[in-house]
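Notes to accompany the following structure.
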Amino acid sequence: MLLTGPKTQHTSLAIYIFMRAAVLASRCGIKSKRFGKICKPLTWSHGDIFLMCLSSSQILSAYILKQESLPSSYKSFLNKHGGKDPIILQGVKEIACGIPFTNLEGIMNYYKSTGVDIQLDQQMKVPCSIIHEHQSCGGHFIRFLFQAYGRALPVYLPVYLIPALIVHRQDLLKRPYTIGAKSLFGTARSSLFLSVYCSSAWSWTCTLFRIFQKCNVPMVAMGTFPTGLALLIEKKSRRIEISLYCFARAIESFFTCMSDVGLFPQATKLKRLDVVVFSLSTAIIMHCYACERDVFRSKYLNVLDWVFGVPPMCDDEQSKTSDKEEDHNTMKQDMQNMQLGQDICSRSSVE
């Protein structure tokens with residue numbers, strides 16, 4: 001990482017690799033006799049959904065209230081799929097933070113440019129009219145959902161079609177309809193996830209504002225928490241990957257916010273903390289790769305084997321290995337039975 005330049009920070013990459021290392025370490029802990037009970041809560045089947053909800057609360061709150069805490073590329077992604085002009089976000093931020101409106105007329109002019117004539121009150125308590133002008137909260141959700149789906153399709157088309165053309169190129173000639181259908185179905189499902197995620201973010205917050213008739217920072221954080229439930233639409237194997245990616249972004253945003261308010265002054269003095277975190281994380285990953293290979297998923301293990309030049313095991317070698325392990329276990333069991341029989345005979349002779 002230092003070769004990219006002494007001043008080039010790779011915080012996002014370091015945190016993401018740290019999350020991957022934490023997952024592997026937790027899997028090692030789950031199968032450990034010493035730490036198995038401590039790590040048992042990590043086996044919760046819906047832990048990925050909870051992690052996504054937690055991440056959404058931080059990420060979407062930062063999207064509305066403090067975008068500078070997010071990486072620039074991720075901020076651009078949120079601004080595109082969030083579907084709201086920056087001037088609208090500024091209005092929501094001001095009412096949530098209790099700041100007097102600085103450009104309410106600009107918001108009205110923005111809506112007027114879209115063909116909607118709206119009058120906004122300086123004393124408003126909830127920002128629903130700022131978010132979706134004259135529409136109802138439910139009507140805005142439906143309309144935004146269709147718009148968000150159109151924005152999400154170009155994101156996921158290459159995610160599914162390119163691997164189908166490269167990874168499954170041989171099977172594509174034999175089973176073109178099957179692989180094509182799976183790719184299109186995956187694209188449609190993932191696009192639905194992203195569109196529901198973005199739509200429900202505005203819907204949940206509006207509902208909460210309407211119920212309590214107020215808008216503040218804790219209400220924004222609570223309203224964006226259930227947005228992570230949209231991850232249930234995704235395939236189970238993809239849920240943990242998405243939640244870990246978002247959680248890494250959430251951690252970075254959270255500590256940036258805490259540092260800005262002065263809660264972590266010492267952290268700003270560590271100039272290359274990303275290198276330290278990345279080095280520790282890769283050490284954990286390599287330890288698991290060398291000693292605990294079964295905690296990896298087969299796809300990641302195959303990639304690491306390819307990177308480090310480890311030849312893949314053929315079917316014969318795999319069967320021989322499994323046969324040897326089975327023979328070893330059988331011999332071990334036989335030895336234990338023989339030892340037990342000898343103990344019984346010795347006890348009988350003594351009696």
Side-chain angles (χ1 to χ4, degrees), residues 53-70 75-148 151 195-230 250 253-254 256-263:
C53 290
L54 202 63
S55 305
S56 299
S57 181
Q58 172 60 36
I59 291 172
L60 297 178
S61 296
Y63 162 66
I64 297 173
L65 304 174
K66 195 175 178 61
Q67 286 202 10
E68 56 270 22
S69 68
L70 298 167
K75 181 170 62 176
S76 300
F77 175 83
L78 290 175
N79 282 326
K80 177 181 179 181
H81 294 278
K84 299 298 177 184
D85 192 87
I87 196 171
I88 295 178
L89 296 177
Q90 180 64 27
V92 178
K93 176 182 177 180
E94 288 172 348
I95 192 172
C97 297
I99 304 172
F101 289 110
T102 57
N103 197 11
L104 203 60
E105 186 177 351
I107 298 174
M108 292 187 286
N109 291 333
Y110 166 77
Y111 278 118
K112 189 175 290 186
S113 66
T114 62
V116 178
D117 189 11
I118 184 174
Q119 296 297 321
L120 299 175
D121 184 9
Q122 287 275 358
Q123 305 300 322
M124 70 176 71
K125 295 182 179 180
V126 293
C128 290
S129 55
I130 295 178
I131 296 172
H132 49 75
E133 23 92 11
H134 292 309
Q135 298 180 58
S136 64
C137 295
H140 172 257
F141 171 78
I142 299 299
R143 182 181 178 185
F144 193 95
L145 179 64
F146 284 99
Q147 294 173 345
R151 290 190 292 265
S195 57
V196 170
Y197 180 83
C198 297
S199 305
S200 63
W202 294 115
S203 180
W204 282 112
T205 49
C206 279
T207 301
L208 208 63
F209 296 157
R210 290 284 188 183
I211 292 174
F212 293 96
Q213 284 298 304
K214 63 180 179 179
C215 173
N216 51 38
V217 174
M219 297 287 286
V220 173
M222 287 189 292
T224 52
F225 181 85
T227 305
L229 295 173
S253 173
F254 176 78
T256 300
C257 294
M258 293 300 101
S259 297
D260 290 345
V261 297
L263 293 181

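Side-chain atoms of Thr114 come within 3.5 Å of backbone N or O of Tyr111 as a donor-acceptor pair. Ser199 places a side-chain N or O within donor-acceptor distance of the main-chain N or O of Ser195, the cut-off being under 3.5 Å. Using modelled atom types, no side-chain atom of Ser253 and backbone atom of Ala250 make a donor-acceptor pair closer than 3.5 Å. The closest donor-acceptor contact from the side chain of Ser57 to the backbone of Ala221 lies under 3.5 Å. No donor-acceptor distance shorter than 3.5 angstrom exists from the side chain of His132 to the backbone of Gly138, with no hydrogens or angles considered. Lys93 places a side-chain N or O within 3.5 Å of a backbone atom of Leu65 that can act as its donor or acceptor partner. Of the possible donor and acceptor atoms, none in the side chain of Gln67 sits under 3.5 Å from a partner among the backbone N and O of Lys75.
Here CD of Gln147 is found 6.0 Å from CZ of Arg151. Values are rounded to the nearest 0.5 Å. In this structure, Trp202 CH2 and Ile131 CD1 are separated by 5.0 Å, a value rounded to the nearest 0.5 Å. Put simply, OG1 on Thr224 and CD on Gln58 are 9.0 Å apart, with the number rounded to the nearest 0.5 Å. Here the CG atom belonging to Leu208 is positioned 9.5 Å from the SG atom belonging to Cys215, to the nearest 0.5 angstrom. Atom-to-atom distance recorded for Phe101:CZ and Ile130:CD1 is 4.0 Å, nearest 0.5 angstrom. Interatomic distance, His81 NE2 to Ser76 OG, rounded to the nearest 0.5 Å: 10.5 Å.
Residues Phe209 and Val220 form a side-chain contact, since some pair of their non-hydrogen atoms from C-beta on lies under 4.5 Å apart. At least one side-chain heavy atom of Tyr197 sits less than 4.5 Å from a side-chain heavy atom of Ser56. Residues Thr207 and Ile211 have side chains in contact (heavy-atom distance under 4.5 Å, counting atoms from C-beta outward). Considering only heavy atoms from C-beta on, Phe225 stays 4.5 Å or farther from Leu60 through its side chain. Taking the side chain as every heavy atom from C-beta outward, Tyr63 and Lys84 approach each other to under 4.5 Å. The shortest distance between side-chain heavy atoms of Thr227 and Thr205 does not fall below 4.5 Å. Between Cys206 and His140 there is no side-chain heavy-atom pair separated by less than 4.5 Å. Contact of the Cys137 side chain with the Cys128 side chain is registered, since non-hydrogen atoms from C-beta on lie closer than 4.5 Å.
Heavy atoms only, all atoms of each residue included: Ile118 and Ser129 are closest at CD1-O, 3.6 Å. Of all non-hydrogen atoms in Glu133 and Arg143, the two that sit nearest each other are OE2-NH1, 4.1 Å. Here the closest heavy-atom approach between residue Pro226 and residue Trp204 is recorded as CG-CD2, 3.5 Å. Closest approach of Cys257 to Lys66, counting heavy atoms only: SG-CD, 3.6 Å.
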Test side-chain contact (heavy atoms from CB on, under 4.5 Å) on Ile59 and Leu78; report intermediate values, then the result. CA-CA 9 Å; Ile59 291 172; Leu78 290 175; 3.8 Å; yes
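Counting non-hydrogen atoms of other residues, nucleotides and ligands closer than 6.0 Å to CD of Gln213 gives a total above 12.
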